[in-house]
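Numbered from 1 within each chain, the chains take letters A, B, ... in sequence-line order. Note that these values count all heavy atoms, side chains included, but never hydrogens, waters or copies made by symmetry.
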2 protein chains.
Amino acid sequence: MDRTEGRTRQGLDLGLKKALDLRGLQKTPGFMLRLAQLKFFEGFYESFAELGITPASYAILTIIRDNPGVPPSTLASLLRLKLPNLIKILNEYESSGLIKRNRSKSDRRGVELLLTPKGTKLIQEATRMTDPYNKRMLAALSVVEQATLLELLNRIVPL
Amino acid sequence: MDRTEGRTRQGLDLGLKKALDLRGLQKTPGFMLRLAQLKFFEGFYESFAELGITPASYAILTIIRDNPGVPPSTLASLLRLKLPNLIKILNEYESSGLIKRNRSKSDRRGVELLLTPKGTKLIQEATRMTDPYNKRMLAALSVVEQATLLELLNRIVPL
DNA sequence: TATTGTTATACTCTATAACTATA
DNA sequence: TATAGTTATAGAGTATAACAATA
C-alpha cells in the first residue's frame, strides 16, 4: 500500500488515483441522473431500514393513501412497473396486512386498493422520516436550489 | 370502452382517469429522479438503437477514451458497478473488438484498458448523436435551465 | 498477508406469454 | 371480442464467495 515512487512515464499516473478526465460524464445529464438516483436509493435503505420499507413500498403506499380505491393498473403505470410485477408486490403487502383488495362493484373485474390501519400507520411513520432524509441527500444544495431541482424534474417528467 | 355514465358516488372517479392526487410523489426528489432517469434510459435505447449501444456502453467507452489505460477497478467504482459485473461486460467488448486489455508493466496484476480503432469509431459516432438526444430529453427546459440542472446534479453527486 | 482481476453463482428486478373472470 | 387482474416464467441487472496471479 506504500506509494513512494509513482513514476509517470507517459503522463498517466492512474496508480495514484485521480488525474482522471471525467468531464465527458459530468456533462452527460443521463449519467448524472443515474448517479443521483443511486445515491437516493442507497440513502433510502439506510434511513428507512428500521421500517423495512423500500423506495417502491414508499411510493405504492403513498399513492394508495392519497387515492384510496386506485386500481392496480393505474398504480403500475404511475410507477412505471409492469402490472405482473406490481401484482407480486401487492400480494406480499396484502399478506403482510398492509393493504386490502376490494372487488369493484361497478365492474367486477376491477380491484380497488386500500390501506389497512397497519399500512396507514407504516406510511405515517415513514413520512415522518422523509424530511430529514431528503435534507441529507440534498445537503449540497440551498433550499432555493432544492426547490429549483424539484421544479425542473417535474417539468422533465410531468405527472 | 364507452364511458357515458361515470357515476361518482364517493367523490372518486378513477375509472375516468385523472382526479388523482399525485402531489406526494411530485414533492419527492428521489421518485422524480427515478422517473427522469427512466425517461433518459428509454430515450437512449431509441436514439442509439442503430449503434447497438447501451447507456453503460456509452459510459464505459467514454471513460476509456478519455483515460486510456484506466484499470477495471477504477472504472467499476466510477460507474458504481461491482467489479465482477463489469468484467463480464469487458469480456464481451473485447470479444467484439471494441477494447483491448494490456497487462500493466509496473504491476503485472493490473490491467490497462484501451479502445481499439473499432471502439474509437463507435464512441465517435455515438458522441455525434448525444446533443440531439439530450436536447430531446430536456426539451421542456430552457438552455439556461438545462445548465442549471446539470450543475445541481454535479453538486449532489460530485465526480 | 493483501490486492487485482477473474469465475461461478445466487438474488433481485424487469419483461413476455398465457390464463381467468368479467364485460 | 376486449379488458383487468393474475400466474408462470424467462431475461437482465446486481450482489456475494472463492480462486489465481502477483505484490
| Check ion pair B:R136-B:E46 (N to O, under 4.0 angstrom) | yes
| said: Tell me whether A:R101 contacts the main-chain N or O of A:E112 through its side chain, where contact means a donor paired with an acceptor under 3.5 Å. | reply: no
| field | Closest non-hydrogen atom pair between A:G30 and B:F40, with its separation | value | CA-CD2, 3.6 Å
| Does a nitrogen or oxygen in the side chain of A:R109 sit under 4.0 Å from OP1 or OP2 of C:dA23? | no
| request: Report the distance from atom CG of A:N91 to atom C1' of D:dA8, rounded to the nearest whole Å. | output: 13 Å
| Upstream residue (5' side of DNA chain C) when A:D107 and A:N85 are each assigned their closest nucleotide | A:N85
| Within the pair B:S73 and C:dT3, is there a side-chain N or O less than 4.0 Å away from OP1 or OP2? | no
| Closer than 4.0 Å, any side-chain N/O of A:R101 to the OP1 or OP2 of D:dT6? | yes
| query | In whole angstrom, what separates B:K88's NZ from D:dA15's P? | reply | 11 Å
| task | Taking A:T116 for its side chain and A:L98 for its backbone only, find out whether a donor-acceptor pair lies under 3.5 Å. | result | yes
| query | Once you round it to whole Å, what is the distance between C1' of C:dG5 and NZ of B:K82? | reply | 16 Å
| query | B:R80 has an atom CZ; how far is it from atom C1' of D:dA15, in whole Å? | reply | 17 Å
| field | For atom OH of B:Y45 and atom C1' of D:dA12, their distance in whole Å | value | 9 Å
| Rounded distance in Å - CG (B:L90) to C1' (C:dT4) | 13 Å
| field | Gap between atoms CZ and P, on A:F41 and D:dT14 respectively (whole Å) | value | 12 Å
| Rounded distance (Å) that lies between atom C1' of C:dA15 and atom CG of B:L38 | 14 Å
